[in-house]
J.: 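Here it is, the structure in full.
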Amino acid sequence: MNLQELINIANKLVADDKGILAMDESFPTCNKRFAKLGIPQTEEARRAYRELIVTTPGLGESVSGAILFDETIKQKINDGTPMIKVLSNAGIIPGIKVDAGAKDMAGHPGEKISEGLDGLRERLGEYYQLGARFAKWRAVITIGENIPSRACIEANAHALARYAVLCQEAGLVPIVEPEVLMDGDHTIGRCFEVTEEVLHTVFNQLFKQGVMLEGMILKPNMVLPGLACSKQESSEDIADATMKCFLRAVPAAVPGITFLSGGQSAELASARLNAMNVRFKSKLPWELSFSFGRALQQPALEIWNGKEVNVQEAQKALYHRAKCNFAARRGEYTKASEKV
Ligand code: 13P
């Protein structure tokens, strides 16, 4: 393990106002999104869609890294170039999702635990050989009646730390993703409480297990009201709540926080990231960036709709969303940014 190399990669992932593109949907998730639009759920359709993404002209202007799924990292674009090479040629660092999904947690109805630690050391070695330089593991925390439990938070934090330290051993920067879900009618205050507790528990485990904070990235949820909550706060209030929470819980040694979008609309995700940077950028120890999946891809996926003739328009939509979030990192995103 070369510590300086890990630090360099982590910093590069959040440098120059760029962000990370999550394109690592597993078979069930990708197929579900395709099915909703009537796109065939085949290996070839998934390959063609991922080719559309990685060959988007100019994507590297606002995207620093892309998180791939196991199937994609081994696939090629039509001309025979490996997807991973297409990304590297565009100046985009390739990453890989390595958790094996969030499964029902035994004894804890309504809660999930992410699996995938068995054999992880060997898989990480293979991914490094293929060219990946960072990885992602997502833990899911659900807010509901009497949940999350301490057991669920602790088990997920423990697994995140075990994954992170294995990544660093293998020369991969770990993206540590504890996601408090937006589903439900809970208030922003409840999301704040849970997110703060989750972050404290995660960083406690990262410390205990010897993860080097300078060589990792945190990928959290924003502090938001539940999707079904009757009170939906403004972007400014969400920015204030999120930063209050993170300033309490995230050590200054972490180079960057790259938010997930979690089911927010593409425009809201950009507006909220923008509000955080407008109000706090100069006062923060870490870079505030994005690692969006749906908030970057969804408009492009809908335009593509499985049809070759739509590829260019879909690529324009993806390029546009990446640019909007690049602007949000600079605190320069406005309604007018959407009209360009
Ligand atoms: P969303 O931005 O769609 O939540 O996806 C990010 C991600 O990588 C979830 O693990």
Side-chain angles (χ1 to χ4, degrees), residues 13-14 19-34 36-37 49-50 53 62-73 92-103 112-116 132 134-143 156 159-160 163-164 167 173-184 191 195 198 202 216-224 226-227 238 242 256-273 276 288-302 317-318 321-322 324-325 328-329:
L13 285 169
V14 292
I20 298 169
L21 166 65
M23 51 178 291
D24 60 333
E25 298 81 8
S26 60
F27 293 131
T29 307
C30 185
N31 289 344
K32 202 164 65 190
R33 292 193 188 147
F34 277 17
K36 231 175 162 178
L37 297 167
Y49 177 57
R50 266 75 185 244
I53 296 178
S62 25
V63 170
S64 56
I67 315 171
L68 305 174
F69 179 55
D70 179 71
E71 179 182 60
T72 320
I73 202 169
I92 297 173
I93 305 172
I96 180 77
K97 181 235 290 296
V98 299
D99 66 76
K103 307 288 163 60
K112 304 268 185 200
I113 176 76
S114 298
E115 295 186 348
F134 71 101
K136 180 193 106 171
W137 179 289
R138 172 174 177 254
V140 176
I141 305 293
T142 310
I143 298 182
N156 275 296
L160 275 168
Y163 138 83
C167 282
V173 168
I175 295 201
V176 173
E177 180 178 5
E179 175 174 4
V180 178
L181 295 177
M182 296 170 72
D183 303 320
C191 179
T195 303
V198 166
V202 167
M216 63 159 275
I217 299 286
L218 178 71
K219 172 164 174 166
N221 52 287
M222 298 180 190
V223 174
L224 301 171
L227 274 173
I238 285 166
T242 305
I257 295 180
T258 62
F259 289 100
L260 59 94
S261 58
Q264 305 173 67
S265 73
E267 294 180 14
L268 270 181
S270 301
R272 290 163 173 172
L273 177 63
M276 285 185 231
L288 270 195
S289 183
F290 57 94
S291 175
F292 296 157
R294 283 161 285 181
L296 279 168
Q297 289 185 49
Q298 194 60 29
L301 176 62
E302 287 171 17
L318 175 62
R321 287 263 48 92
C324 284
N325 290 305
R329 283 208 56 187

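Quick caveat, the model's predicted, so the values are computed rather than measured. One-based numbering, in listed order, for ligands and for the atoms of each.
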J.: Okay, side chain of Arg329, backbone of Val14: is any donor-acceptor separation there less than 3.5 Å?
T.: yes
J.: Number the atoms of ligand 1 from 1 as they appear, then name those within less than 4.0 Å of a heavy atom of Gly293, with their elements.
T.: 1 (P), 2 (O), 3 (O), 5 (O), 6 (C)
J.: Among all protein heavy atoms, pick the one closest to atom 10 (O) of ligand 1 and tell me residue, atom and distance.
T.: Lys136 NZ, 2.5 Å
J.: Which of the numbered atoms in ligand 1 are under 4.0 angstrom from any heavy atom belonging to Lys219?
T.: 6 (C), 7 (C), 8 (O)
J.: Can you tell me which residue and heavy atom of the protein come closest to atom 2 (O) of ligand 1, and the distance to 0.1 Å?
T.: Ser261 OG, 2.4 Å
J.: What atoms in ligand 1 come closer than 4.0 Å to a heavy atom of Gly262?
T.: 1 (P), 2 (O), 4 (O)
J.: Look at the side chain of Ser265 and the backbone N and O of Leu268, then say whether any donor-acceptor pair between them is shorter than 3.5 Å.
T.: yes
J.: Under 4.0 Å from any heavy atom of Phe292, which atoms of ligand 1 are there?
T.: 2 (O)
J.: Given 3.5 Å as the limit, does a donor-acceptor pair link the side chain of Asn156 with the main chain of Lys112, or not?
T.: yes
J.: More than 12 heavy atoms of other residues, nucleotides or ligands under 6.0 Å from NZ of Lys103: yes or no?
T.: yes
J.: Under 3.5 Å, side chain of Ser64 to main-chain N/O of Gly19, donor-acceptor pair present?
T.: yes
J.: Please could you name the atoms of ligand 1 that Ser291 approaches to less than 4.0 Å, counting only its heavy atoms?
T.: 6 (C)
J.: So does Ala135 get a backbone contact from the side chain of Tyr163, meaning a donor-acceptor N/O pair under 3.5 Å?
T.: yes
J.: Is Arg138 touching ligand 1 with its side chain, its backbone, both, or neither, if touching means heavy atoms under 4.0 Å apart?
T.: side chain
J.: Between Arg50 and Glu25, does any NZ, NE, NH1 or NH2 come within less than 4.0 Å of an OD or OE carboxylate oxygen?
T.: yes
J.: Distance to 0.1 Å, residue and atom name: give those for the protein heavy atom nearest to atom 9 (C) of ligand 1.
T.: Glu177 OE2, 3.2 Å
